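Notes follow once the structure below has been shown.
Predicted model only: the values in this text are computed from it and were never measured.
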Amino acid sequence: MRPRDPDIPDPYSELLDNLDMLSPVKKCPQCGMLSLKYNPSTGMIVCTRCGFSRETGQKV
């Protein structure tokens with residue numbers, strides 16, 4: 001394996017640094033975990049870890 005060029009950023013590190021920006025649904029405001037799921041039929045965002053839920057007002 002070749003040594004890494006320090007001038008070229010590591011793509012894995014960049015992804016981890018920008019994960020919060022890339023996530024379509026952010027962290028759960030109650031437990032802080034990235035476990036929010038959106039249900040388009042009900043228009044609800046629900047945390048699969050702690051049960052937090054919030055209505056978005058946009059049903060499909």
Problem set entry | Taking every non-hydrogen atom, the tightest pair across S53 and V46 |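 Shortest heavy-atom separation between S53 and V46 comes out as CB-CG2, 4.0 Å.
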
Exercise. With sequence neighbours excluded, what pairs up with R54 under the side chain to side chain contact (heavy atoms under 4.5 Å, CB included) test?
Worked result: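 So R54 forms a side chain to side chain contact (heavy atoms under 4.5 Å, CB included) with F52.
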
Problem set entry | With T48 via side chain to side chain contact (heavy atoms under 4.5 Å, CB included) - residues at least two apart |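 For T48 the side chain to side chain contact (heavy atoms under 4.5 Å, CB included) partners, ignoring immediate neighbours, are S35, K37.
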
Problem set entry | ILVMFWY cluster, M33 and L36 together (side-chain gap under 4.5 Å) |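 No, separate clusters.
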
Problem set entry | Trace of the side chain to side chain contact (heavy atoms under 4.5 Å, CB included) decision for C28 with C50 | CA-CA 9 Å; C28 173; C50 71; 3.8 Å; yes

